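Everything numeric here is computed off the predicted structure, so don't read it as measured data.
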Amino acid sequence: MSTGTTVDATGETAGIPELVIISGMSGAGRSTAAKCLEDLGWFVVDNLPPALIPTMVDLGARSQGNVARIAVVVDVRGRRFFDNLRESLADLEAKKVKRRVIFLEASDDALVRRFESVRRPHPLQGSGRIVDGIAAERDLLRELRGDADLVIDTSSLNVHELRAKLDAQFAGEEEPELRATVMSFGYKYGLPVDADLVVDCRFLPNPHWVPELRPFTGLNEEVSGYVFNQPGAKEFLDRYTELLQLIAAGYRREGKRYVTIAVGCTGGKHRSVAMSEKLAHRLVSEGVETVVVHRDMGRE
């Protein structure tokens, strides 16, 4: 009796839908992410018990190509079933199902503001405070976050920016081998929680202390020229690009499809912005599809 899973001579599955599992913190944007994938043509199932994910994939495999891409939202609303998620993921791996896990993250402050703005309790706070529910949820999801293929911090993203980031990852018909997000940031505002790699540009002189450059950003040609005329700047860019080539090759071998490179300076306005732009151009020239985000530019 057929189970809907077919393996060809190369060991790859035939007719099995591509699967994305959307999870993460309540209030971090799971519904927005699901809606975005739905608009891109994915078949989206919200709050599906994890034990039923393999069944959903099998049903998609029997649809004769009508359901080629499935997105499933898994969250703490189904917490009685959450322990089954790892078993389901192992089942999918055994069937050679192409699957990815998206984890949406946000800071405690951002999540508290969002829950307070809609006047709704956190699903895990019980008789406690919102922060108690957030802490319980972080603990519950810690292992899943560590296994995620893509972690997106939505603390400083609005709905449109989150949709743009997901569009950049999923809109293309042909998925590239590796996709990168290069994010400039200011250390005084904290490290990006979704960073895979962190680059520190504070070893370069700060254009902030040059009066005629202070009002501008690293997108300005004069600021960028000032940064890259400093001793070590061009050499650093060259050597870090070479290091990224080595890292990217390892990521590809390990099946990692997404990497977020955070480039920091003090305020996230001059040095990190200029370096991020140059680094992104280098990655694009190496065939890596790259999105540039300037997290803290304009924040001061």
Side-chain angles (χ1 to χ4, degrees), residues 1-26 28-31 33-38 40-105 123-124 136-152 166 169-170 175 177-179 194 196 250-259:
M1 180 178 178
S2 173
T3 63
T5 303
T6 304
V7 180
D8 63 22
T10 65
E12 298 294 328
T13 54
I16 298 297
E18 182 180 355
L19 175 68
V20 165
I21 297 173
I22 302 170
S23 191
M25 298 297 294
S26 299
R30 293 186 310 247
S31 297
K35 180 61 178 174
C36 179
L37 290 184
E38 187 174 42
L40 292 173
W42 290 69
F43 183 84
V44 178
V45 184
D46 189 18
N47 197 25
L48 183 72
L52 296 181
I53 294 176
T55 301
M56 177 59 66
V57 172
D58 284 342
L59 291 173
R62 298 170 189 170
S63 70
Q64 299 181 342
N66 292 322
V67 181
R69 299 184 297 177
I70 298 174
V72 176
V73 181
V74 176
D75 56 56
V76 293
R77 287 176 295 169
R79 54 191 177 274
R80 343 181 250 165
F81 306 101
F82 208 82
D83 290 340
N84 295 327
L85 180 57
R86 181 159 294 280
E87 182 179 343
S88 294
L89 293 179
D91 186 9
L92 295 171
E93 184 175 355
K95 294 179 178 179
K96 299 186 182 299
V97 175
K98 182 181 180 183
R99 57 93 174 166
R100 287 169 284 177
V101 177
I102 302 174
F103 191 96
L104 299 175
E105 172 70 277
L124 292 187
E137 187 175 35
R138 284 199 193 282
D139 186 61
L140 180 65
L141 298 178
R142 194 178 311 280
E143 188 173 352
L144 179 61
R145 185 191 187 283
D147 291 338
D149 298 285
L150 176 64
V151 178
I152 300 177
L166 289 167
Q169 301 290 353
F170 292 98
E175 185 180 356
E177 289 186 344
L178 183 66
R179 285 174 169 151
D194 53 346
D196 297 296
Y251 279 164
R252 290 184 178 107
R253 287 193 299 270
E254 293 299 314
K256 184 176 177 66
R257 298 177 177 87
Y258 312 103
V259 59

Original post:
For the residue pair Gly24 and Glu137, what are the closest heavy atoms and their distance?
Top reply: O-OE2, 3.8 Å
**OP:** Return yes if some donor-acceptor pair links the side-chain N/O of Arg145 with the main-chain N/O of Glu105 below 3.5 Å, else return no.
**Re:** no
Subject >> Minimum-distance pair of heavy atoms, taken over all atoms of Ser88 and Pro50 >> reply: OG-O, 2.6 Å
Original post:
Got a second to check how far Ile102's CD1 is from Arg30's CZ, nearest 0.5 Å?
Top reply: 12.5 Å
**OP:** Could you grab the distance from atom CG of Leu48 to atom CD1 of Ile22, nearest 0.5 Å is fine?
**Re:** 12.0 Å
**OP:** Might you work through the side chain to side chain contact (heavy atoms under 4.5 Å, CB included) test for Leu59 and Val67, ending with a clear yes or no?
**Re:** CA-CA 9 Å; Leu59 291 173; Val67 181; over 6 Å; no
**OP:** I would like to know whether Ile70 and Leu19 meet side chain to side chain contact (heavy atoms under 4.5 Å, CB included); could you show each step before the answer?
**Re:** CA-CA 5 Å; Ile70 298 174; Leu19 175 68; 4.0 Å; yes
Original post:
Are any of the side-chain heavy atoms of Arg99 and Asp149 separated by less than 4.5 Å?
Top reply: yes
Subject >> Approximate separation, where rounding is to 0.5 Å, of Ile16 CD1 and Arg62 CZ >> reply: 9.5 Å
**OP:** Would you check, one step at a time, whether the test side chain to side chain contact (heavy atoms under 4.5 Å, CB included) holds for Met25 with Leu141?
**Re:** CA-CA 8 Å; Met25 298 297 294; Leu141 298 178; 4.2 Å; yes
Original post:
Does Asp58 reach the side chain of Lys95, with side-chain heavy atoms less than 4.5 Å apart?
Top reply: yes
**OP:** List in chain and number order the residues that pass side-chain hydrogen bond (donor to acceptor under 3.5 Å, both in side chains) with Asp147, two or more places apart in sequence or in another chain; answer none if no residue qualifies.
**Re:** Arg86
Original post:
When rounded to the nearest 0.5 angstrom, what distance separates CG in Asp194 from CG in Leu150?
Top reply: 8.0 Å
**OP:** Please report the shortest heavy-atom distance between Leu144 and Ser23, naming the atom on each side.
**Re:** CD2-OG, 3.4 Å
Subject >> Steps toward side chain to side chain contact (heavy atoms under 4.5 Å, CB included) verdict (Val44, Lys35) >> reply: CA-CA 8 Å; Val44 178; Lys35 180 61 178 174; over 6 Å; no
Original post:
Would you say the side chain of Val74 lies within less than 4.5 Å of the side chain of Ile53, judging by non-hydrogen atoms?
Top reply: yes
Subject >> Close side-chain approach of Ile152 to Leu104, heavy-atom, < 4.5 Å >> reply: yes
**OP:** For Glu93, enumerate each residue passing the salt bridge (Lys or Arg N to Asp or Glu O under 4.0 Å) test, keeping only those at least two apart in sequence or located in another chain.
**Re:** none
Original post:
How far does CG of Leu92 sit from CD1 of Ile21, to the nearest 0.5 angstrom?
Top reply: 6.5 Å
